[in-house]
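Notes follow once the structure below has been shown.
Numbers here simply count residues along the sequence, with the first being 1. On a predicted model such as this, the values are computed, not experimentally measured, just so you know. These values consider heavy atoms only, across backbone and side chains, with no hydrogens, waters or symmetry-generated copies.
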Amino acid sequence: MPSAALEPTIQSTDLSHMPFLFQQGGDLIMVFAWSRFRPRRVPQYSRSGTTRIWRLAWQKYDLRSGAMGLLHRLDTGLEANEVACSPCVDTVEGGITVSFIGTAHHGTGPLEHHLFRMRGPSLDQLQPAVAVSSVPCFCGFSRPDLTATGSGADGYFRLEGAVQARFSTSFTEIARLSYDPNHPWQLLITGTLPNETQARTIIYHAKHAVVLGELQVAGAPTYKPALCDGVLAQPLPVQSRFRESWRVAFTRHYSVSPTPIRVEPA
């Protein structure tokens with residue numbers, strides 16, 4: 001039965017985005033992008049765009065009580081004006097691997113996005129981030145057995161490691177590549193379809209090469225969600241006249257619905 005603490009929706013920190021969930025003991029840990037700026041102030045530090053400065057942070061979520069723990073910042077080692085977002089976490093081979101998308105030249109030149117990775121014995125003992133590749137990357141993750149990368153400008157992505165292939169999708173652009181840590185071959189792919197503005201998220205099984213369906217909540221598409229242990233977390237827009245005001249919401253009431261969205265080797 002669903003926990004009463006998750007009925008119907010529990011909301012977490014304001015200005016939180018791109019969650020990733022994994023289980024540790026009796027708690028869910030949420031690693032996510034977080035902005036220290038309140039909605040009334042949106043910094044415009046990039047010559048190539050108006051991008052909020054997101055940082056990485058984490059919190060414990062108690063499945064029994066529904067309580068959120070203290071917010072802890074993750075120090076990436078990037079310069080103070082760079083963006084860090086879209087985290088993914090792997091704990092399979094001992095210790096913790098955190099990958100994320102970070103920027104270069106934010107506020108000083110043409111903005112670049114790259115895939116970074118940090119490793120350490122725990123979230124509060126991570127080494128400074130190192131770039132996985134010098135090739136720009138707008139979405140993706142890196143764990144010891146698999147690396148996923150996408151440019152964000154089209155519907156293609158690449159897997160390297162236990163699966164080696166380039167894939168095309170029905171999406172015109174891909175906004176996030178993630179996975180379910182309890183089922184790490186089930187990739188969560190968020191993208192936009194032709195003639196649509198609302199993003200959708202599908203589950204693609206990379207080992208079986210099959211789309212399992214589209215993730216939905218109350219029949220509606222989900223945007224950059226996280227899945228773990230039957231819990232779905234997704235950022236929802238907050239009523240505001242300011243851009244990029246988000247709050248992560250938790251629920252057990254989601255579905256994986258049939259979809260014509262395709263993923264196939266390119």
Side-chain angles (χ1 to χ4, degrees), residues 15-22 30-37 43 45-46 48-58 73-90 96-119 123 126-144 146-161 167 169 171 173-181 184 187-192 199 201 223-226 233-235 243-244 246 248:
L15 292 177
S16 50
H17 200 13
M18 301 187 189
F20 186 92
L21 300 176
F22 69 100
M30 180 175 73
V31 182
F32 58 101
W34 168 79
S35 176
R36 69 179 185 272
F37 294 102
Y45 292 158
S46 176
S48 56
T50 56
T51 300
R52 181 183 294 282
I53 296 183
W54 295 101
R55 308 295 191 196
L56 296 187
W58 65 275
R73 291 184 59 178
L74 280 182
D75 184 10
T76 63
L78 299 185
E79 295 295 329
N81 64 326
E82 302 296 354
V83 174
C85 62
S86 198
C88 291
V89 180
D90 180 85
I96 286 183
T97 299
V98 178
S99 62
F100 66 95
I101 300 298
T103 61
H105 315 304
H106 190 203
T108 62
L111 187 64
E112 293 181 4
H113 293 82
H114 294 274
L115 179 61
F116 289 85
R117 180 174 58 214
M118 303 184 288
R119 288 177 174 160
L123 285 175
L126 295 171
Q127 295 295 318
V130 295
V132 174
S133 170
S134 60
V135 178
C137 174
F138 184 78
C139 58
F141 62 82
S142 181
R143 62 188 200 219
L146 191 68
T147 294
T149 55
S151 71
D154 52 38
Y156 293 85
F157 69 94
R158 182 180 296 276
L159 297 180
E160 296 179 273
F167 297 87
T169 72
F171 296 125
E173 58 183 32
I174 296 175
R176 191 180 188 193
L177 292 165
S178 183
Y179 58 91
D180 179 344
L187 307 188
L188 308 184
I189 307 173
T190 299
T192 307
T201 300
Y223 177 61
K224 298 183 180 180
Q234 67 165 330
R243 69 189 295 270
E244 291 190 316
W246 301 92
V248 172

Taking side chain as C-beta onward, heavy atoms only, is [X] less than 4.5 Å from [Y]?
X	Y	value
K224	M18	yes
V83	L111	no
L188	R176	no
I189	F167	no
L187	F141	yes
M118	P128	no
F32	P235	no
Y179	C88	yes

Indicate the atoms forming the closest heavy-atom contact of [X] with [Y], along with that distance.
X	Y	value
F20	A226	CA-CB, 3.8 Å
A84	L56	O-CD2, 3.6 Å
C139	G152	SG-N, 4.4 Å
E82	H105	OE2-N, 3.2 Å

Might you confirm whether atom CZ of R143 has over 12 heavy atoms from other residues, nucleotides or ligands at distances under 6.0 Å?
->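 Yes, the 6.0 Å shell around CZ holds more than 12 heavy atoms from other groups.
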
Show your working on side-chain contact (heavy atoms from CB on, under 4.5 Å) between T149 and V132 and close with a plain yes or no.
-> CA-CA 10 Å; T149 55; V132 174; over 6 Å; no

When the ring planes of F116 and F100 are compared, do they come out parallel, tilted or perpendicular, using 30° and 60° as the limits?
->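 Parallel: the ring planes of F116 and F100 meet at under 30°.
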
I'd like to know if the side chain of [X] reaches the main chain of [Y], judged simply by a donor and an acceptor atom lying under 3.5 Å from each other, with no hydrogens or angles considered.
X	Y	value
T169	G155	yes
S142	S99	no
Q234	V248	no

Let me confirm one number: the [atom1]-[atom2] distance from [X] to [Y], rounded to the nearest 0.5 Å.
X	Y	atom1	atom2	result
L177	F138	CG	CZ	11.0 Å
S86	H113	OG	NE2	10.0 Å
L126	I96	CG	CD1	6.5 Å
T103	L78	OG1	CG	7.0 Å

Walk me through it: do L115 and I101 pass the test side-chain contact (heavy atoms from CB on, under 4.5 Å)?
-> CA-CA 5 Å; L115 179 61; I101 300 298; 4.0 Å; yes

Full working for side-chain contact (heavy atoms from CB on, under 4.5 Å) between W58 and V89 = CA-CA 11 Å; W58 65 275; V89 180; over 6 Å; no

